[in-house]
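Quantities reported herein were computed from a predicted structural model and do not represent experimental measurements. In what follows, chains are A, B, ... by sequence order, proteins preceding strands, each numbered from 1.
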2 protein chains.
Amino acid sequence: MQMDAVDQRIIALLVADARSSYAEIGARVSLSAPAVKRRVDRLRADGVIKGFTAVIEPAAVGWTTEAFVELFCTGRTTPAQITVATRRHPEVVGAYTVSGQADALVHLRAADIGHLEQALERLRAEPFVTSTRSMVVLSRLVETPTAVPL
Amino acid sequence: MQMDAVDQRIIALLVADARSSYAEIGARVSLSAPAVKRRVDRLRADGVIKGFTAVIEPAAVGWTTEAFVELFCTGRTTPAQITVATRRHPEVVGAYTVSGQADALVHLRAADIGHLEQALERLRAEPFVTSTRSMVVLSRLVETPTAVPL
DNA sequence: GCTGAAAGAATAATCTC
DNA sequence: GAGATTATTCTTTCAGC
């Protein structure tokens with residue numbers, strides 16, 4: 001799975017606009033449309049490009065409240081357990097095991113504060129969670145899709 | 001800017017695959033391709049759909065290290081100042097003002113630990129930062145694009 | 001990697017409810 | 001206002017080179 005500079009430019013262009021045509025990308029990287037398609041197909045098969053998605057304004061679909069929650073867990077908790085547990089909660093949009101005092105960091109999105117509180121209670125009820133520390137998001141300052149080094 | 005159930009289904013389909021055709025989406029929501037396009041155009045104009053992007057595996061493009069950093073700032077720091085400062089650092093992929101002990105939470109991606117340390121030093125050098133608390137990501141357990149309530 | 005051709009998609013104009 | 005249909009142009013995709 002070796003990538004050259006052209007692959008990186010193609011990726012950067014698709015990150016900027018996932019709906020641009022192969023011909024349009026080809027014009028920018030000096031390749032024909034079929035050549036671009038074959039590269040994109042290969043990048044998808046290799047798992048470099050995991051998919052294409054629409055970027056939505058969460059507030060517009062009724063998701064107005066967001067929080068990051070540090071999870072402190074019992075000694076024998078595995079990442080797999082945390083994965084399974086957090087995936088059960090639809091409010092979880094991100095979850096990471098981390099170094100430091102906490103064991104995991106969970107990113108939640110909820111309709112409002114009441115909903116967030118509910119989701120947090122459900123998370124805290126997971127048997128391996130000993131305590132939590134929450135940061136409610138006041139404003140989103142920066143949020144970029146995975147940037148690609150040029 | 002009112003959205004009906006069909007708009008929500010269109011959004012969900014585009015979040016799942018931003019490159020699916022209007023005809024394909026139309027088949028699933030019982031509309032013609034032009035009707036779908038008009039709705040998508042309106043949703044984009046209204047800012048509900050902010051764009052379309054490729055989802056990249058960060059490790060595949062050389063971004064193997066990730067961290068969340070809590071920022072503690074001097075009393076008179078504004079969100080705008082934090083926005084400007086964090087945007088200067090290409091390693092910043094997310095930044096939020098938060099409630100709790102910290103003033104802001106910053107999401108960083110770097111090539112490796114050395115690069116992360118560099119980025120962190122640069123962040124800490126910002127005049128309004130009094131101290132930081134870092135969580136290095138050990139593993140990404142969950143990371144979903146903005147889900148749309150069905 | 002390119003070109004060329006067939007099938008399919010995007011888009012604008014027009015018409016109907 | 002919102003959707004369907006039609007017609008043109010552009011894209012995708014699969015050959016063969």
Identify which nucleotide among D:dA2, C:dG4, D:dT12 has an atom closest to any side-chain atom of B:R19, counting heavy atoms from C-beta outward.
D:dT12
Rounded to whole angstroms, how far apart are CG on A:D17 and C1' on C:dA10?
14 Å
Please lay out, stage by stage, how B:H107 and A:E143 fare under the test side chain to side chain donor-acceptor pair (under 3.5 Å).
CA-CA 9 Å; B:H107 184 184; A:E143 193 153 68; over 6 Å; no
Near B:R28 CZ, under 6.0 Å, is it more than 12 heavy atoms from other residues, nucleotides or ligands?
no
B:Y22 OH to D:dA2 P: how many Å, rounded?
17 Å
Do B:E66 and A:Y96 touch side chain to side chain, with heavy atoms closer than 4.5 Å?
yes
On DNA chain D, does the nearest nucleotide to B:V6 precede the nearest nucleotide to A:A33 from the 5' side, or the other way round? Give the residue.
B:V6
Taken to the nearest whole Å, CD1/A:I25 to C1'/D:dC10 is 15 Å
Checking side chain to side chain contact (heavy atoms under 4.5 Å, CB included) between A:I56 and each of B:L14, B:V15, B:L43, which is the one that passes?
B:V15
So what does B:S32 touch, heavy atoms closer than 4.0 Å: a base, only the sugar-phosphate, or nothing?
base
Given C:dG1, C:dT11, D:dT13, the nucleotide with the shortest approach to the side chain of A:L31
C:dG1
Heavy atoms under 4.0 Å, any strand shown: does B:R39 hit a base, just sugar-phosphate, or nothing?
sugar-phosphate
Look at the side chain of B:R38 and decide which nucleotide, out of D:dA2, C:dG1, C:dT3, has an atom nearest to it.
D:dA2
Mind calculating the distance between CZ (B:F52) and P (C:dA10) to the nearest angstrom?
11 Å
Is the distance from OP1 or OP2 of D:dT13 to the nearest side-chain N or O of A:K37 less than 4.0 Å?
yes
Report the distance from atom CZ of B:R42 to atom C1' of D:dG3, rounded to the nearest whole Å.
13 Å
